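Working notes, structure below.
All values reported here derive from a predicted model rather than from experimental measurement.
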Amino acid sequence: MAKELTSKSKNYSQWYNELVVKADLAENSAVRGSMVIKPYGYAIWEKMQAQLDIMFKETGHQNAYFPLFIPKSFFSKEAAHVEGFAKECAVVTHYRLKNDENGNGIVVDPAAKLEEELIVRPTSETIIWHTYKNWIQSWRDLPILCNQWANVVRWEMRTRLFLRTAEFLWQEGHTAHATKAEAIEETYKMVNVYADFAEQFMAMPVIKGHKSENERFAGALDTLTIEALMQDGKALQSGTSHFLGQNFAKAFDVQFANKEGKLEHVWATSWGVSTRLMGALIMAHSDDNGLVLPPKLAPFQVVIVPIYRKDEQLTQISEKADEIIAKLKALGISVKYDDSDAKKPGWKFAEYELKGVPVRLAIGPRDLENGTIEVARRDLLSKEVVNIDGIDQYIKDLLDDIQKTIYNKAYKFREEHTTPVETYEEFKEVLKNKGGFISAHWDGSPETEQKIKDETKATIRCIPLDAEEEEGKCIYSGQPSNKRVLFALAY
RNA sequence: CGGGGUAUAGCACAGUCCGGUUAGUGUACCUGGUUUGGGACCAGGGGGUCGCAGGUUCGAAUCCUGCUACCCCGACCA
């Protein structure tokens with residue numbers, strides 16, 4: 001990593017890309033804007049998936065799978081939706097290749113043109129609602145609470161590793177309800193699941209809130225979001241939950257017979273989080289030595305590095321290490337023992353710091369003599385020598401403490417970088433010199449938000465769910481406002 | 001699509017302005033030895049169509065033309 005780059009550096013994306021690559025998480029692939037997720041990075045994603053999946057099941061959802069390809073005509077059925085996604089779709093037009101007669105290698109066979117083009121899903125509302133039409137006839141068929149783990153493709157003009165790749169992995173929940181109230185309740189329920197996941201597992205504090213009209217999902221009546229603050233003062237939308245009203249039910253003609261025997265359109269929600277969460281995790285916690293992973297999402301929570309000169313020493317150390325590993329595993333702690341002879345201890349120390357392993361244990365001849373072990377924690381970069389008796393419980397407590405400490409650090413950072421302002425001058429000053437969330441009054445009009453965006457690049461990240469009623473004046477127009485909203489520069 | 005930049009070993013770069021030995025440095029890699037409590041040291045070794053295609057020239061990584069890819073800044077966005 002270049003020395004002048006730090007986590008506070010203005011060239012944050014460069015620092016981030018360096019870290020991501022060096023931490024062995026991902027790299028850009030041969031295809032523009034898409035990524036290869038390397039094994040260590042994918043292990044983190046699997047941890048996230050596993051936990052989210054548990055939380056979805058706990059809230060009554062089931063997994064299902066829908067097609068990758070969506071007929072083009074499906075997209076035109078919901079006007080706002082097609083408007084939102086038309087500009088960034090990958091389109092399949094042919095189904096066969098052939099050898100070129102002029103010797104130019106393999107070419108697309110013009111004879112194999114598809115009758116109707118297929119869109120590689122940018123999101124699955126359309127294909128799913130097409131399917132739901134066949135699943136729903138009566139109020140007895142509702143609700144439908146499905147989630148899909150899948151990849152989607154959005155042909156973005158500009159991409160950024162993890163945060164905005166052309167192809168990304170995500171989950172998308174799609175639910176169908178008999179009543180408006182039940183659908184709205186579902187929308188809130190899932191944004192709460194996301195917030196709990198972010199805070200309890202990613203150790204990343206988030207603000208729950210409504211998106212403004214300008215930032216709302218294409219086709220939604222309301223979009224709830226969790227917004228996190230990165231260390232460079234920019235905000236990242238980390239998950240969204242949409243109340244879709246009856247828009248998709250009407251577009252795909254999905255009606256059910258209610259208890260009175262009358263036909264009604266179904267109410268819908270959709271919600272999703274993506275591999276962008278990986279980017280959030282990295283950018284929220286990393287320091288100049290590399291990743292800092294919360295213990296609950298680390299592929300392994302503890303690494304043991306033996307320090308030895310001779311093979312006999314390694315044998316003795318390994319015996320001790322095996323005892324410790326057995327004890328730690330009994331407490332549900334994941335451990336890697338790195339007795340590889342290929343690298344020296346110093347190299348391993350640096351490497352596991354880069355990878356963000358929460359706790360590092362080192363055992364050498366000195367420890368064998370004294371009955372001790374060296375314990376280093378990644379979040380504080382501190383280390384101490386402790387007695388080996390009771391080490392298992394000691395590590396368990398330490399992991400809990402690290403999880404909390406990482407969260408508290410991020411929380412403190414966010415509190416220190418959330419600034420209430422009263423005037424537009426103040427707004428611009430804070431935005432330029434301090435960054436972070438800016439809490440300000442807004443008149444509620446899309447025009448005002450657009451003007452502020454044009455002039456400062458800052459957008460309304462959300463209207464917080466817990467915003468207090470408060471008389472005020474819009475910082476831009478001076479019109480009356482009854483609550484503050486959060487502005488920030490965003491990724 | 002607009003504006004700027006880059007393309008030379010797995011990676012990071014120098015060399016290009018001002019053409020001229022066998023294209024170089026760091027790192028990584030291979031072999032041997034000494035090392036191992038914070039990214040070791042010594043010695044030896046392998047690895048290059050200098051992005052692609054033309055052109056100028058006795059001679060091109062270097063000059064000219066065209067093309068392509070990537071990066072950064074905008075418009076777009078989970």
### Query
Is E384(A) paired with R377(A) through a side-chain N to carboxylate O contact shorter than 4.0 Å?
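No, this pair does not count.
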
### Query
Side chains of Y476(A) and E449(A): do they bring a donor and an acceptor to under 3.5 Å?
no

### Query
Quick one: do the T372(A) and D367(A) side chains pair a donor with an acceptor below 3.5 Å?
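Side chains of T372(A) and D367(A): pair found under 3.5 Å.
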
#### Entry: Summary of protein contacts for nucleotides 39-46 of chain B, nucleotide by nucleotide, where a base hit scores B, a sugar-phosphate-only hit scores S (4.0 Å, heavy atoms)
BB------

For atom [atom1], what is the distance between [N] and [M], given to the nearest Å?
N	M	atom1	answer
C71(B)	G26(B)	C1'	23 Å
G4(B)	A28(B)	C1'	33 Å
G38(B)	U31(B)	C1'	28 Å
C50(B)	C63(B)	C1'	16 Å

### Task
Tell me which of S274(A) and I373(A) sits closer to the 5' end of RNA chain B, going by the nucleotide each one is nearest to.
I373(A)

#### Entry: Pairing residues for K453(A) by the salt bridge (charged side-chain N to carboxylate O under 4.0 Å, His left out) criterion, not counting sequence neighbours
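Residues passing salt bridge (charged side-chain N to carboxylate O under 4.0 Å, His left out) with K453(A): none at all.
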
### Message
Checking D338(A) now: which residues fulfil salt bridge (charged side-chain N to carboxylate O under 4.0 Å, His left out) with it, not counting sequence neighbours?
### Response
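In terms of salt bridge (charged side-chain N to carboxylate O under 4.0 Å, His left out), with neighbours along the sequence ignored, D338(A) is linked to K348(A).
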
#### Entry: Rounded interatomic separation in angstrom, taking CZ from R366(A) and C1' from U36(B)
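Nearest whole value for this atom pair: 13 Å.
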
### Task
Starting at atom CZ of F349(A), determine the distance to atom P of U36(B), rounded to an integer number of angstrom.
14 Å

### Query
Between the side-chain atoms of K383(A) and the base atoms of G38(B), is any donor-acceptor pair under 3.5 Å?
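By the distance-only test, yes, there is a pair.
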
### Query
How many angstroms lie between atom CG of D339(A) and atom CD1 of I304(A), to the nearest 0.5 angstrom?
10.5 Å

#### Entry: side chain to side chain contact (heavy atoms under 4.5 Å, CB included) partner of W271(A), the single match among H174(A), Q171(A), K189(A)
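Per the side chain to side chain contact (heavy atoms under 4.5 Å, CB included) rule, the option paired with W271(A) is Q171(A), out of H174(A), Q171(A), K189(A).
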
### Task
Could you name each residue pair satisfying salt bridge (charged side-chain N to carboxylate O under 4.0 Å, His left out) that touches residues 207-220 of chain A, not counting sequence neighbours?
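Qualifying pairs: K211(A)-E227(A), E215(A)-R461(A).
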
### Message
Once you measure the plane-to-plane angle for W129(A) and Y132(A), does it fall in the parallel (<30°), tilted (30-60°) or perpendicular (>60°) bin?
### Response
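Rings of W129(A) and Y132(A): perpendicular, over 60°.
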
### Duplex segments of RNA chain B, taken as runs of at least three Watson-Crick or G-U pairs that stay under 3.5 Å
B:1-7 with B:68-74, B:10-13 with B:24-27, B:29-34 with B:40-45, B:51-55 with B:63-67

### Message
Near RNA chain B, counting only heavy atoms under 4.0 Å, which residues of residues 293-310 of chain A show up?
### Response
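Within residues 293-310 of chain A, the residues near RNA chain B are I307(A), Y308(A), R309(A).
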
